[in-house]
Amino acid sequence: QVQLVESGGGLVQIGGSLKLACVAFGGTGSPYGMGWFRQAPGKEREFVGTISWNGNIKYTADSVKGRFTISRDNAKNTVYLQMNSLKPEDTAVYYCAAKRAGIPSLLAIEYDYWGQGTQVTVSS
């Protein structure tokens with residue numbers, strides 16, 4: 001069993017930056033693929049970014065491409081989401097997810113474990 005704990009959310013002004021972190025407890029040594037998703041009020045959960053178990057393959061959504069970067073540090077069992085040039089439309093609860101197969105995925109249904117989420121609010 002894997003427990004995921006996100007941190008780093010908060011309130012930031014337009015154009016600001018935040019760095020989210022997700023620490024995985026349990027399942028150490030397993031080659032998990034990791035992903036970030038977000039859900040705004042009244043909207044479906046949407047894909048933000050994903051990274052392979054070794055960090056060599058990454059994808060980010062078109063809506064955040066060039067502004068958000070996903071990375072991981074396996075020695076710390078942590079995956080990061082660096083968010084720059086934040087916009088009001090980035091306001092959402094951000095969720096970290098892990099999948100037992102180490103390849104990345106854009107599909108939420110393919111993930112096996114989810115964190116509780118961290119709120120990101122971008123103020124105008």
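Treat the numbers as computed from the prediction; the structure is a model and nothing was measured. Note that the numbering runs from 1 along the sequence shown for the chain.
Under the 3.5 Å distance criterion, the side-chain polar atoms of Asn77 are left unmatched by any main-chain donor or acceptor of Phe25. Without hydrogens or angle criteria, Glu6 side chain to Cys96 main chain gives a donor-acceptor distance under 3.5 Å. Using modelled atom types, one side-chain atom of Thr50 and one backbone atom of Met34 make a donor-acceptor pair closer than 3.5 Å. The backbone N or O of Lys99 lies less than 3.5 Å from no partner atom in the side chain of Asp112, so there is not a single donor-acceptor pair. With Arg72 contributing its side chain and Ser52 its backbone, the two residues share a donor-acceptor pair below 3.5 Å. Between the Arg45 side chain and the Gln39 main chain, no donor and acceptor come within less than 3.5 Å of each other.
With hydrogens and angles left out, the side-chain atoms of Thr121 and Gln119 include a donor and acceptor closer than 3.5 Å. Side chains of Asp73 and Thr78: a donor-acceptor N/O pair is absent below 3.5 angstrom, by distance only.
Expressed to the nearest 0.5 Å, how far OG1 of Thr69 lies from CG of Asn84 amounts to 6.5 Å. To the nearest 0.5 angstrom, Asp62 atom CG is 5.5 Å from Lys65 atom NZ. Here Thr60 contributes atom OG1 and Trp36 contributes atom CH2; the two are 14.5 Å apart, rounded to the nearest 0.5 Å. Here the CG atom belonging to Leu20 is positioned 7.5 Å from the OH atom belonging to Tyr94, to the nearest 0.5 angstrom.
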Verdict with supporting geometry, Tyr59 and Leu106, side chain to side chain contact (heavy atoms under 4.5 Å, CB included): CA-CA 8 Å; Tyr59 299 107; Leu106 283 65; 4.2 Å; yes
Residues Trp114, Phe37; criterion ring-ring contact (aromatic ring centres under 6.0 Å, His included); working and verdict: CA-CA 10 Å; Trp114 291 83; Phe37 292 77; 5.1 Å; yes
Derivation and outcome, side chain to side chain contact (heavy atoms under 4.5 Å, CB included), residues Val120 and Met83: CA-CA 10 Å; Val120 171; Met83 306 186 296; 3.8 Å; yes
Audit row: Tyr32, Asn74, side chain to side chain contact (heavy atoms under 4.5 Å, CB included) steps and yes/no: CA-CA 10 Å; Tyr32 291 96; Asn74 286 343; over 6 Å; no
Derivation of the side chain to side chain contact (heavy atoms under 4.5 Å, CB included) call for Phe68 and Gln82: CA-CA 5 Å; Phe68 290 13; Gln82 177 67 50; over 6 Å; no
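Between Lys76 and Val23, the shortest heavy-atom contact is O-CG1, 4.4 Å. Of all the heavy atoms in Val2 and Leu4, the pair that sits closest is CG1-CD2, 3.7 Å. Here the closest non-hydrogen pair linking Gly8 and Leu18 is O-CD2, 3.8 Å. Nearest heavy atoms, Ser105 versus Tyr111: O-OH, 2.6 Å. Taking both residues in full, the closest heavy atoms of Ile14 and Pro88 are given as CD1-CG, 3.7 Å, listed atom of the first, atom of the second, then distance.
Here the options are Ile57, Val79, Leu81, the test is side chain to side chain contact (heavy atoms under 4.5 Å, CB included), and the partner is Ile51; only Val79 passes.
The number of heavy-atom neighbours closer than 6.0 Å to CD of Glu89, taken from other residues, nucleotides and ligands shown, is above 12. Within 6.0 Å of OH on Tyr113 lie more than 12 heavy atoms contributed by other residues, nucleotides or ligands.
Within the cation-pi definition used here (under 6.0 Å to the ring centroid, within 45° of the axis), Arg38 does not qualify as a partner of Tyr95.
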